2 protein chains.
Amino acid sequence: MDITKTLAALNNPVRRQILVWLKDRSNFPPALAEHADLDGVCVAYIQAKAALSQSTISSYMGLLKDAGLVTSERHGQWTFYARNEAAIEAAMQALTQELTKS
Amino acid sequence: MDITKTLAALNNPVRRQILVWLKDRSNFPPALAEHADLDGVCVAYIQAKAALSQSTISSYMGLLKDAGLVTSERHGQWTFYARNEAAIEAAMQALTQELTKS
DNA sequence: TCCATATATCGAAATATACCGATATGCCAT
DNA sequence: ATGGCATATCGGTATATTTCGATATATGGA
């Protein structure tokens, strides 16, 4: 849990928004039938909502994953990204712990 | 409470360290007798601990103040900076609220 | 095998951030 | 007024981030 890397990843409004969107699968178009059991969202769906280029979103997801805030699973040609709830909570706790007094 | 400005201010290890140091006045040299009643710390003391230039620390404190994380009080030729506990806690809560699921 | 699709990576341009030294400003004592 | 501190601001350079389009890689299907 690298707090510096975490804050760098969070220090961008689009990346934060993606984390918020990923709270609820219904923020994205329905998954293909063959992916119905997966809880992640593919890059193309995230890209469409964020309205930035494919390469930008791909690298954003890489940053979020590097910081541990999301997980990724490749299924065929798709990569599915999902929130890492435990890591997100741990990061918030660590930051709060470090910065608040009590 | 601008979460973007807050995260930008926190996205620097020295600025975070300054916030941590300011938790405890005894992290700095004793205040002059005439400043004994003030709870803040002057720029020069912060600069000495951070070991960056005076201008850098002055602008860092400006960023932290702009984000609301510290308050400043001028007394004579000195500016005393102190943590804004309520704002720091509010910022942590807001960030946690936005990013965590439950 | 060849092609289309999804994602990742590369290289570049524009902008922001991290610092610095020099200078300006404000305050105090003489 | 003059000089000496403490702090703020300015202008600059080096580095990092944002974002793109182009290209590479991987996969799955005809």
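Because the structure is predicted, anything quoted here is derived from the model rather than measured. Just so it is clear: chains get the letters A, B, ... in the order the sequence lines come, proteins before strands, and each one is counted from 1.
Residues satisfying the salt bridge (Lys or Arg N to Asp or Glu O under 4.0 Å) test with Lys49(A), not counting sequence neighbours, are none. For Glu73(A), there are no salt bridge (Lys or Arg N to Asp or Glu O under 4.0 Å) partners, not counting sequence neighbours. Taking the salt bridge (Lys or Arg N to Asp or Glu O under 4.0 Å) definition, one finds that Asp2(B) meets it with nothing, sequence neighbours left out. Remark: Lys65(A) engages no residue in a salt bridge (Lys or Arg N to Asp or Glu O under 4.0 Å) (not counting sequence neighbours).
Without hydrogens or angle criteria, Arg16(A) side chain to Leu10(A) main chain gives a donor-acceptor distance under 3.5 Å.
Rounded to the nearest 0.5 angstrom, Asn12(B) CG and Thr4(A) OG1 are separated by 9.0 Å. Note that the CG atom of Leu52(B) and the OG atom of Ser58(B) stand 12.5 Å from one another [nearest 0.5 Å]. Atom CG of Leu95(B) is separated from atom CD1 of Ile3(B) by 4.5 Å, given to the nearest 0.5 angstrom. Atom NZ in Lys5(B) sits 9.5 Å away from atom CG in Leu63(B) (nearest 0.5 Å). To the nearest 0.5 Å, the span separating CG on Asn11(A) from OG1 on Thr6(A) amounts to 12.0 Å. Note that NE2 of His75(B) is 12.5 Å distant from CG of Leu32(B), once rounded to the nearest 0.5 Å.
In summary, of the residues considered (Gln47(B), Met61(B), Arg83(B)), a side-chain contact (heavy atoms from CB on, under 4.5 Å) with Ile18(B) occurs for Met61(B) alone. Each of Asp39(B), Leu69(B), Val70(B), Val41(B) was compared with Tyr81(B) under the side-chain contact (heavy atoms from CB on, under 4.5 Å) criterion, and only Val70(B) meets it.
The list of ring-ring contact (aromatic ring centres under 6.0 Å, His included) pairs with a residue in residues 30-50 of chain B, not counting sequence neighbours, reads His35(B)-Trp78(B), His35(B)-Phe80(B). Counting only residues at least two apart or on different chains, no side-chain hydrogen bond (donor to acceptor under 3.5 Å, both in side chains) pair has a member in residues 87-102 of chain B.
Looking at residues 73-81 of chain B, you'll see Arg74(B), Gly76(B), Gln77(B) sit with a heavy atom under 4.0 Å from some atom of DNA chain C. Sorted by residue number, the members of residues 3-33 of chain A with any non-hydrogen atom under 4.0 Å from DNA chain D read Asn11(A), Asn12(A), Arg15(A). Using a 4.0 Å cutoff on non-hydrogen atoms, the parts of residues 40-52 of chain A near DNA chain D are Leu52(A), ordered by number.
Under a hydrophobic clustering in which Ile, Leu, Val, Met, Phe, Trp and Tyr are joined whenever their side-chain heavy atoms come within less than 4.5 Å, directly or via other members, Trp21(A) and Val14(A) fall into the same cluster.
Proximity of Tyr60(A) to Ile46(A): side-chain heavy atoms (C-beta onward) are nowhere separated by under 4.5 Å.
One end of the helix from dT1(C)-dA30(D) to dT30(C)-dA1(D) points its axis 10° away from the other end's axis, with each axis taken from 5 pairs and the angle rounded to 10°.
Taking a heavy-atom distance under 4.0 Å as the criterion, the stretch of DNA chain C touched by chain A extends 5' to 3' from dT5(C) to dT9(C). Of all nucleotides in DNA chain D, those with any atom nearer than 4.0 Å to a heavy atom of chain B start and finish, going 5' to 3', at dC5(D) to dT9(D).
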